[in-house]
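Here's the structure we're looking at; comments come further down.
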Amino acid sequence: LCSVLLLVSLPLLPSAALGRALQSWDRKIDTPARFQILRAFGDQAVLDKETGLVWEKRAALVGNFRNSMRHCAFRNVGGRLGWRLPALEELLTLVAPDETTPALPDGAPFENLLSTAFWTANEEELDTTLAIGVSLDIFQVFSLPKTNTGKVLCCLLYTSDAADEE
């Protein structure tokens, strides 16, 4: 008999913050009140109250996949570090499939979203030269070479002090 031990590394969050983040996925907010611009981040970040994720307000065109990963990893917005490129599933939480140009819910306060694919942190499993991109113009998900140019909308996990300061 052979047994395998699989260790999974999970981020350590205060139980209250983790609870809020997990609870937020069970509710849908279909109004502009879903998004809150955060003064604590110099009005350059947006809290999505439905998911508990904080997003940069303005998308950036930073180049290829590797540069996009680095761009988010070293972001300092409103004196806060800890930004990252979102997973496909996280970026898709912003999409309103019935909307176009951009394919976002009414009241989404994001800027500079059109005309280029957005990188996600996801790579293609069978071809590691490709990563997953999302178009927010008309809502499309596709694979693209990691050498292509794309935009990023960095995110981080909500912490209670981010919105409590508002």
Side-chain angles (χ1 to χ4, degrees), residues 6-62 65 68-100 102-114 116-123 131-141 150-166:
L6 177 64
L7 298 177
V8 178
S9 175
L10 296 174
L12 296 177
L13 296 172
S15 60
L18 180 59
R20 273 193 307 280
L22 294 176
Q23 287 174 346
S24 65
W25 286 94
D26 69 354
R27 68 178 185 263
K28 186 165 176 59
I29 304 171
D30 286 328
T31 68
R34 172 181 170 180
F35 300 102
Q36 176 184 348
I37 296 173
L38 299 173
R39 285 191 310 261
F41 289 78
D43 293 334
Q44 295 304 306
V46 176
L47 170 64
D48 181 347
K49 295 176 186 176
E50 186 174 292
T51 64
L53 291 171
V54 175
W55 297 90
E56 279 192 286
K57 183 178 171 187
R58 183 170 180 79
L61 181 66
V62 296
F65 181 76
S68 296
M69 295 288 278
R70 286 182 177 180
H71 172 83
C72 289
F74 295 110
R75 292 297 292 148
N76 179 349
V77 178
R80 307 285 173 109
L81 301 173
W83 298 89
R84 61 183 169 76
L85 201 58
L88 173 63
E89 298 82 0
E90 292 169 326
L91 189 55
L92 290 181
T93 65
L94 294 178
V95 171
D98 297 331
E99 299 292 329
T100 58
L104 295 175
D106 288 335
F110 302 102
E111 301 170 355
N112 195 31
L113 298 180
L114 301 180
T116 303
F118 280 81
W119 291 110
T120 71
N122 299 71
E123 299 174 293
I132 306 297
V134 175
S135 168
L136 296 177
D137 287 359
I138 56 171
F139 177 49
Q140 289 181 305
V141 177
K151 287 185 177 178
V152 295
L153 197 59
C154 304
C155 70
L156 56 84
L157 185 64
Y158 166 85
T159 58
S160 61
D161 63 328
D164 292 346
E165 295 173 13
E166 300 305 312

Work out which heavy atom in Trp83 is nearest to a heavy atom in Glu56; give both atom names and the distance.
CZ3-N, 3.6 Å

Smallest heavy-atom separation, Lys151 atom then Leu113 atom, equals NZ-C, 3.9 Å

Answer whether the closest heavy-atom distance between the side chains of Leu91 and Leu94 falls below 4.5 Å.
yes

Correct closest heavy-atom pair for Asn112 and Phe118 would be O-CZ, 4.3 Å

For a 4.5 angstrom cut-off between non-hydrogen side-chain atoms, does Leu85 reach Phe65?
yes

What is the minimum heavy-atom distance between His71 and Ala60, and which atoms define it?
NE2-CB, 3.9 Å

State, yes or no, whether a side-chain contact exists between Thr51 and Glu90 at a heavy-atom distance under 4.5 Å.
no

Return the minimal non-hydrogen interatomic distance between Trp55 and Thr93, and the atom names on each side.
CZ2-OG1, 4.4 Å

Do Asp48 and Arg34 come within less than 4.5 Å of each other through their side chains, counting heavy atoms only?
yes

What closest approach, in Å, do Asp43 and Lys57 show between heavy atoms, and which atom pair accounts for it?
O-CD, 3.4 Å

Donor-acceptor contact present, side-chain Thr120 to main-chain Ile132, <3.5 Å:
yes

If you measure from CD on Glu123 to CE on Met69, what distance do you get to the nearest 0.5 Å?
7.0 Å

Sulfur to sulfur, is the gap between Cys154 and Cys72 shorter than 2.5 Å?
yes

Within the distance-only criterion (no hydrogens, no angle test), does the side chain of Glu50 pair as donor or acceptor with the backbone N or O of Ile29 below 3.5 angstrom?
yes

Close side-chain approach of Phe139 and Leu92, heavy atoms under 4.5 Å:
yes

Can you find a heavy atom in the side chain of Phe110 that is under 4.5 Å from one in the side chain of Leu136?
no

